[in-house]
Visitor: 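Questions regarding the structure given below will be posed in turn.
Worth saying up front: this structure is predicted, and the values here are computed from it rather than measured.
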Amino acid sequence: MVGTVPGDMDGVFVRVGGEWYYPPKFADDAPLHSDGYISAFRIKDGKVSFRGRYVETPRFRANLAEGRQQFGNYRNPFTHDEKVQGLDATVANTAPLAHAGMLFALKEDALPYRIDPATLATMGPHDFGGDYKSQTFTAHPKIDPVSGEMLTFGYEATGLLSDDLFYYVIDRNGAVTREVRLKVPYVSVVHDWAVTQDHILITFGGYTTSMERLREGKVHWGWDKTKPSMVGIMPRDGDASGLRWFRGPERCMMHTLNAVSEGDKVTLYAPFYDSNFFPFFGNVDGSPWDPSKARCFFRKMTFDLSSSSDSWEEEILFPTQVGDLAKMDHRFLTQPARYAFTMFADPTRPFDEERAGNLQGRVSNSYGRFDMHTGEVESYFVGDTHTLQECSFVPRRGSTAEGDGYLIGTTSNLAELRTELVIVDAQRLSEGELARVILPFRGGPQVHGAWYDAEELQGLMPMPVGEGVSRADHAVAGRYDANLFDTSGEGQP
Amino acid sequence: MVTKLTGDDTGIVGDLSCDRRALLTGTCCGFLLLGMPIVPARASEGGPAGAQLSFFADRPMMDQSGKLHAYRPPRGFRGGAPVSTLDDERLRRLSPFMT
Ligand SMILES: [Fe+2]
């Protein structure tokens, strides 16, 4: 450990990502289909403990029993082996969630998988006492900081390719209090969404699917640039009759930051891409994937509910291209907020090609604090052989001011072949990190991560006796590693 | 897990700035590898064995006790170099979130 972990941090930084335990059945399968892996940094009294293990879904266990990959292309049951037909094929590889004292690993094609916060062992799918009826659950539920409720949804809610989207409110004790059954105009990736104090916003665009493409053995999604981007807005306490759809130009709407309702005006803040971000979800017209259109910017989109127009106004807030895995001070979700935090590639920073390969310009070497009041960007540079994963915001204990806290996240050191955890003062990014915890190995993959204060989870991982990084515990080691650190498949077992 | 070692069991050796990649490429600590078995003969039998090259606190260390995990060089590089020749599409197909 280099530096000092803030003494007021008592909680856990949980990360979820995907890693192929067995190689994919088809070479062109989406990396989003790799096996879920959950890892956690427990932090208390300035000390750090680490643990990580695969999420043991039915799919993972079935593959383990056979000793090979039995599942085919991304979310396409026609390509799975006969023996595993009917099994839950989710990989639970996208995001962690803590609610009502419970910990979950999420992926949008299935129910949440409950995880033991002490051991990270998989407990099984969770349907909230049978009251959650959708077959699927988003990787991006929203916790209302005012009420403590969780607002969530599932799309393809009644089965493969269904146009049903079920919206739920789940109270702070984990009980379903509200369900609204909705229809979407076309079946697409509804990966994230947004909520305000008055409305929910359902956001998607571009990705399409069909029974024909699934029968042809393709991955679930393709990109159709002729499809409009869509935002459905509904009062939080309304029903399906109150859902109003707005249409926009070609956009890849994966992740949102925040949204606010003020009278008849709804404002959405989101880091959306111009077009298709994922080359493995190819263009349906057969044209090649165009990296020049996979550009992401922070956007402000304004909807006028008093107008009869079905379009919106869009403004790009910063000229800087950013990563779309953005975070805010979640205590201000649904309310007017000033700061957005995300990683980005700062081309003015050095990269040591000698030690880490020629990835200049393609690594996320910085966190930025994007000030939406002044337009200023303050940044933290992680190092000249590093690429950052998504950061998470940690409120300083006892603070109430927006952005008063820390950013925590992992970074891959591409020269030293290991994962490092960094903790930065969110108000002083340019001053460098407060602490860096250097794992002596690669700490497993991450799509999303989140910080939870200790009191948010029951039965949290105990802190072992010792100093510094006192436990490094990989419960299951991958046999096949197709990720950035080892493209040859020849690494150490 | 780190085994607690005492006395003359261990010693930090060589260039302290030496890292794993430099060790692999032979640009530092070269003398360590000359004639030195990386894994001692009896290491696989479980008990203490002869001196072996190990790593501690991210530095190469000559473990005289044979109690530490011996350093085993990976077959092939595990850093950014292997993917540096990939174009944007192939890189993103491999690792969309660069982890
Ligand atoms: Fe996501």
Side-chain angles (χ1 to χ4, degrees), chain A residues 15 17-19 28 30-32 277-280 288-289 291-292 294 323 325 351 353 355-360 362-364 385 387-390 410 412-419 438 440 442-448 466 470-473 481-492, chain B residues 1-5 10 12 14-29 38-39 43-44 52-61 63 68-99:
Chain A
R15 308 159 67 234
E19 186 113 326
D28 282 345
L32 306 184
F277 172 67
F278 292 128
F280 38 83
W289 180 73
S292 73
L325 307 179
F351 191 80
E353 298 182 11
R355 299 178 63 226
N358 181 16
L359 292 168
Q360 173 79 43
R362 299 199 286 175
V363 294
S364 296
T385 60
T387 188
L388 286 156
Q389 285 89 54
E390 177 194 62
T410 55
S412 302
N413 184 332
L414 299 171
E416 303 293 338
L417 328 176
R418 66 191 179 206
T419 296
I438 299 170
R442 177 170 170 264
Q446 178 185 342
V447 179
H448 292 293
S470 42
R471 178 182 297 179
D473 176 4
D481 180 353
N483 285 274
L484 193 59
F485 276 78
D486 186 0
T487 56
S488 66
E490 295 178 337
Q492 289 193 90
Chain B
M1 176 172 176
V2 173
T3 306
K4 183 135 179 139
L5 298 169
T10 64
I12 302 290
D15 175 3
L16 295 185
S17 69
C18 179
D19 56 42
R20 287 167 206 254
R21 177 167 298 277
L23 189 63
L24 281 174
T25 55
T27 53
C28 84
C29 312
I38 290 178
V39 183
S44 61
Q52 63 181 354
L53 182 64
S54 185
F55 252 79
F56 181 72
D58 203 47
R59 287 175 182 170
M61 184 179 66
D63 166 30
L68 290 185
H69 290 297
Y71 173 70
R72 296 173 188 273
R75 298 188 301 274
F77 280 58
R78 291 164 62 88
V83 298
S84 65
T85 57
L86 300 181
D87 62 22
D88 284 350
E89 174 171 351
R90 288 169 64 217
L91 181 63
R92 201 162 291 178
R93 277 180 179 273
L94 184 70
S95 184
F97 303 107
M98 298 281 280
T99 65

Visitor: Considering only heavy atoms, which portion of A/Ala30 lies under 4.5 Å from any heavy atom of chain B: side chain, backbone, both, or neither?
Guide: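 No part of it gets close to chain B.
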Visitor: When you measure from the side chain of B/Arg93 to the backbone N and O of A/Pro279, does any donor-acceptor pair fall under 3.5 Å?
Guide: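 Checked: pair present.
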Visitor: Let me see the working for A/Glu390 and B/Phe97 under side-chain contact (heavy atoms from CB on, under 4.5 Å), right down to the final yes or no.
Guide: CA-CA 9 Å; A/Glu390 177 194 62; B/Phe97 303 107; over 6 Å; no
Visitor: A/Arg362: what forms a side chain to side chain contact (heavy atoms under 4.5 Å, CB included) with it, not counting sequence neighbours?
Guide: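 Listed in chain order: A/Leu359, B/Asp88, B/Leu91.
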Visitor: Rounded at 0.5 Å granularity, tell me how far CD in B/Glu89 sits from CZ in A/Phe280.
Guide: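 It comes to 10.5 Å.
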Visitor: For the residue pair A/Pro31 and B/Leu94, what are the closest heavy atoms and their distance?
Guide: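 The answer is CB-O, 4.2 Å.
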Visitor: Contact part of A/Phe277 toward chain B, heavy-atom cut-off under 4.5 Å: side chain, backbone, both or neither?
Guide: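 It is both, since atoms from each part get that close.
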